[in-house]
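Here's the structure we're looking at; comments come further down.
We're numbering straight along the sequence, starting at 1.
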Amino acid sequence: MGQGQSQFTEEELQDYEDLTYFTKKEVLYAHQKFKALAPEKVGHNKNAKLPMAKVLQYPELRVNPFRDRICKVFSSSNDGDCTFEDFLDMMSVLSENAPKAVKAEHAFRIFDFDGDDMIGVSDLREVIERLCGPELKLSDSEIQQLVQNVLEEADLDDDGALSFAEFEHIIDKSSDFCHSFRIRL
């Protein structure tokens with residue numbers, strides 16, 4: 001790990017510790033994981049930016065049905081490509097130490113596929129289809145029924161979509177949200 005430490009000054013490590021839910025040691029470990037995704041590109045360039053295809057090689061992202069959305073939400077360039085700081089932010093928010101409110105905010109952005117600050121019918125359809133995957137192909141009417149069930153339960157103002165406040169209300173009632181919305185470093 002000493003080799004990784006030479007890429008960051010003590011001040012940079014302190015800043016990362018202050019801005020994330022990680023210790024300095026965990027920051028260095030995160031950098032090791034990031035570097036392992038593309039050693040030839042990261043090497044000694046701590047400002048390297050990895051294409052989304054490389055970031056998606058991270059084992060727990062590789063199997064996540066929302067992997068592309070996760071990368072895009074955390075990408076500072078909004079294209080899914082990630083710098084180490086983007087990766088560190090992603091891992092920090094998805095860590096066990098991040099508060100529920102921070103996780104909820106990012107989950108909302110991940111599920112808001114069209115970026116209109118609401119989780120509407122098309123967003124809900126996309127979430128359901130991704131969660132079911134190709135092996136559990138639901139009919140259009142089954143998906144529509146599930147969307148209706150979600151809206152009946154969570155759309156408190158009956159506008160046909162979930163605002164962040166309504167989404168947060170659902171998260172507050174979900175005891176396993178924090179456990180399921182995480183990735184181990």
E40 atom CD, neighbour heavy-atom count above 12 within 6.0 Å: yes
Flag if over 12 foreign heavy atoms under 6.0 Å of CD, E153: no
Nearest 0.5 Å, what's the [atom1]-[atom2] distance between [X] and [Y]?
X: C82; Y: D89; atom1: SG; atom2: CG; answer: 9.5 Å
X: D155; Y: I119; atom1: CG; atom2: CD1; answer: 11.5 Å
X: F22; Y: L13; atom1: CZ; atom2: CG; answer: 13.5 Å
X: K24; Y: Q14; atom1: NZ; atom2: CD; answer: 4.0 Å
X: L151; Y: L146; atom1: CG; atom2: CG; answer: 11.0 Å
X: D81; Y: L50; atom1: CG; atom2: CG; answer: 8.5 Å

Between the side chain of [X] and the main-chain N/O of [Y], is any donor-acceptor distance below 3.5 Å?
X: H106; Y: V102; result: yes
X: T20; Y: Y16; result: yes
X: R130; Y: P65; result: yes
X: E166; Y: S163; result: yes

R69/D123 salt bridge by N-O under 4.0 Å criterion: no
E168/K100 salt bridge by N-O under 4.0 Å criterion: no
Side chain to side chain contact (heavy atoms under 4.5 Å, CB included) between M91 and E26, worked out: CA-CA 10 Å; M91 291 297 135; E26 290 168 324; over 6 Å; no
Verdict with supporting geometry, V150 and V127, side chain to side chain contact (heavy atoms under 4.5 Å, CB included): CA-CA 11 Å; V150 169; V127 168; over 6 Å; no
Validation row: F111, L162 side chains within 4.5 angstrom (heavy atoms): no
Side chains of F8 and L28 in contact at under 4.5 Å (non-hydrogen atoms): yes
Testing the basics here: between [X] and [Y], what is the closest heavy-atom pair and its distance to 0.1 Å?
X: R184; Y: Y58; value: O-OH, 3.1 Å
X: H169; Y: L156; value: CD2-CD1, 4.1 Å
X: V147; Y: R125; value: CG2-CG, 3.9 Å
X: E17; Y: T23; value: OE2-CA, 3.5 Å
X: V55; Y: C71; value: CG1-SG, 3.7 Å
X: K54; Y: L37; value: CD-O, 3.5 Å

Who passes side-chain hydrogen bond (donor to acceptor under 3.5 Å, both in side chains) against [X], sequence neighbours left out?
X: D158; result: none
X: S95; result: none
X: D116; result: none
X: E142; result: S139

Shared hydrophobic cluster, L19 / Y21 (ILVMFWY, side-chain heavy atoms < 4.5 Å): no
M118 reachable from I171 in the ILVMFWY side-chain graph, under 4.5 Å edges: no
No-hydrogen, no-angle side-chain donor-acceptor test under 3.5 Å, Q144 and D140: no
Donor-acceptor pair between S180 and D176 side chains, under 3.5 angstrom: no
Partner set under ring-ring contact (aromatic ring centres under 6.0 Å, His included) for F34, not counting sequence neighbours: F84, F87
Test ring-ring contact (aromatic ring centres under 6.0 Å, His included) applied to F164 - qualifying residues, sequence neighbours left out: F108
Audit row: L185, I183, side chain to side chain contact (heavy atoms under 4.5 Å, CB included) steps and yes/no: CA-CA 6 Å; L185 188 58; I183 291 180; over 6 Å; no
E12, Q7, H31 screened by side-chain hydrogen bond (donor to acceptor under 3.5 Å, both in side chains) with K46, the one that passes: E12
Mutual orientation of the aromatic rings belonging to F66 and F113 [parallel < 30°, tilted 30-60°, perpendicular > 60°]: tilted
Candidate pair D86 and S75, rule side chain to side chain donor-acceptor pair (under 3.5 Å), full reasoning: CA-CA 6 Å; D86 296 336; S75 168; 4.5 Å; no
